[in-house]
Amino acid sequence: MAMTSDVHVRDLRYFVTVAEELHFTHAAARLYVSQPALSKQVRALERQLGVELLDRGPRGVTLTEAGAALLPHARSVLAAWAEGAAALDAVRAAARGTLVVGMSTSPGRGGLLPAIRSRFTAAHPEVTVRLRQVSWEDPTAGLADGEADVAFVWLPLPDAGRYGWTVVAEEPRLVALPETHPLADRREVDFADLADEPFLALPQSAGPLRDHWLALDERDGRPPRIGAEIASTEETYEALVAGLGVCLLASGNAPLITLGGVVTRPVRGLSPARYALAWRRTDADRPWVRAYARACGEVRGQG
């Protein structure tokens, strides 16, 4: 059976996700890949194995007999591989003596980071804390790909079941507008008055977080208008000044955006934004991860 010897873990993950969703578009969204790329990889896997795993009928996707036979084994391979990867991560981290803290937006928030760091370092002087800035393309700020051990993130996270977290700050969502915008004259804005405005959106890869900052839950099923995509504070500011759209942001991030030409206003009818320290569930018992989370909880308790 030489033909099966080089099956990639990724291809098994693709197959399992399609088998669970029985829908290529939904599976592609869950995997953050394009639907054509997903279809192509699954076809390639079928060619490699010499069997059809999925029936692509007019009424949707179903598992073939071969697909049903493979599914439990593919799942156990993925589970075993996840355990292996976690064990490797633990060995690497122990060898490094380093705790990597991921973040996309710098968590100013009243000196939160230095306070956590000094508390953690006092308890664990042997560990080096390294900050890693991650682009907005990755809403998990380095957790998903193992680049960070813990990370400051905005909720909701994609694939939330993989992570544990502690909420660090809950902040109102404000709207940022060019100061020339008609709504900039108001002291407070109703979300209903913003719903039809073009919005600046996070990259598609941000998944549920993109939806959160577009306030999908508050739109009663009406799709938002996207004025532009933004992947950094600088891009957000430039797009606002250029009048490409408005955007929601947490009040703690307002100082990063309210440079010349941009104002922020409170919005009625929006739930708050939640900022959290998160970790992979597989790492929940790692001593340094627990210690950093504890330091974070203690600092927040004083706030």
Side-chain angles (χ1 to χ4, degrees), residues 79 82-173 202 205-209 212-213 249-253 256 271-303:
E83 283 177 26
L88 278 180
D89 283 344
V91 170
R92 273 202 298 265
R96 278 200 308 249
T98 303
L99 184 79
V100 181
V101 180
M103 65 184 65
S104 54
T105 321
S106 166
R109 297 176 170 75
L112 178 76
L113 212 62
I116 296 170
R117 171 177 267 192
S118 64
R119 198 168 270 254
F120 176 81
T121 307
H124 295 273
E126 76 284 8
V127 183
T128 307
V129 176
R130 209 174 83 235
L131 298 183
R132 184 182 173 84
Q133 200 80 29
V134 180
S135 99
W136 293 0
E137 304 271 341
D138 175 11
T140 72
L143 290 179
D145 60 8
E147 292 290 322
D149 300 307
V150 295
F152 287 97
V153 297
W154 291 101
L155 301 178
L157 283 170
D159 216 357
R162 288 185 62 193
Y163 308 103
W165 60 79
T166 176
V167 174
V168 175
E170 200 163 279
E171 299 174 357
R173 282 186 279 177
L202 290 177
S205 58
L209 197 58
H212 175 71
W213 292 112
L249 78 170
S251 58
N253 287 343
L256 304 174
S271 60
R274 293 187 304 149
Y275 197 56
L277 177 79
W279 52 86
R280 290 177 291 276
R281 283 192 188 277
T282 49
D283 291 346
D285 290 329
R286 279 179 50 202
W288 300 339
V289 169
R290 282 169 61 176
Y292 196 88
R294 194 179 312 119
C296 188
E298 288 166 1
V299 167
R300 194 186 178 211
Q302 293 175 337

Minimum side-chain heavy-atom gap Phe152-Leu113 below 4.5 Å: yes
Arg162, CZ: over 12 other non-hydrogen atoms inside 6.0 angstrom: yes
Non-hydrogen atoms of Ile116 and Cys296 that approach each other most closely: CD1-SG, 3.7 Å
Side-chain donor or acceptor of Arg117 paired with backbone N/O of Val129 under 3.5 Å: yes
Distance-minimising heavy-atom pair for Arg281 and Gly161: NE-O, 2.9 Å
Gap between atom CG of Leu155 and atom CD of Glu170 - 0.5 Å precision: 9.5 Å
Residue pair Asp145 / Gly142: nearest heavy atoms and the distance that separates them: OD1-O, 3.0 Å
Side-chain heavy-atom pair Val134, Glu147 within 4.5 angstrom cut-off: no
Rounded distance (nearest 0.5 Å) linking atom OG of Ser104 with atom CG of Leu202: 8.5 Å
4.5 Å side-chain heavy-atom contact, Val150 and Trp288: no
Exercise: identify the closest heavy-atom pair between Trp154 and Ala250: CH2-CB, 3.1 Å
Taking every non-hydrogen atom, the tightest pair across Asn253 and Glu171: N-OE1, 4.5 Å
Spacing of His212 atom NE2 and Arg274 atom CZ [to the nearest 0.5 Å]: 8.5 Å
Beyond-backbone contact of Asp149 with Tyr292, side-chain heavy atoms, under 4.5 angstrom: no
Residue pair Pro158 / Thr140, side-chain heavy-atom distance below 4.5 Å: yes
Donor-acceptor side-chain pairing of Ser271 and Arg173 below 3.5 angstrom: yes
Thr166 vs Trp279 side-chain heavy atoms within contact, under 4.5 Å: yes
Minimum heavy-atom distance between Arg132 and Val100, given as atom pair plus value: CB-CG1, 3.8 Å
Interatomic spacing from OH in Tyr163 to CG in Asp283 - rounded to 0.5 Å: 10.5 Å
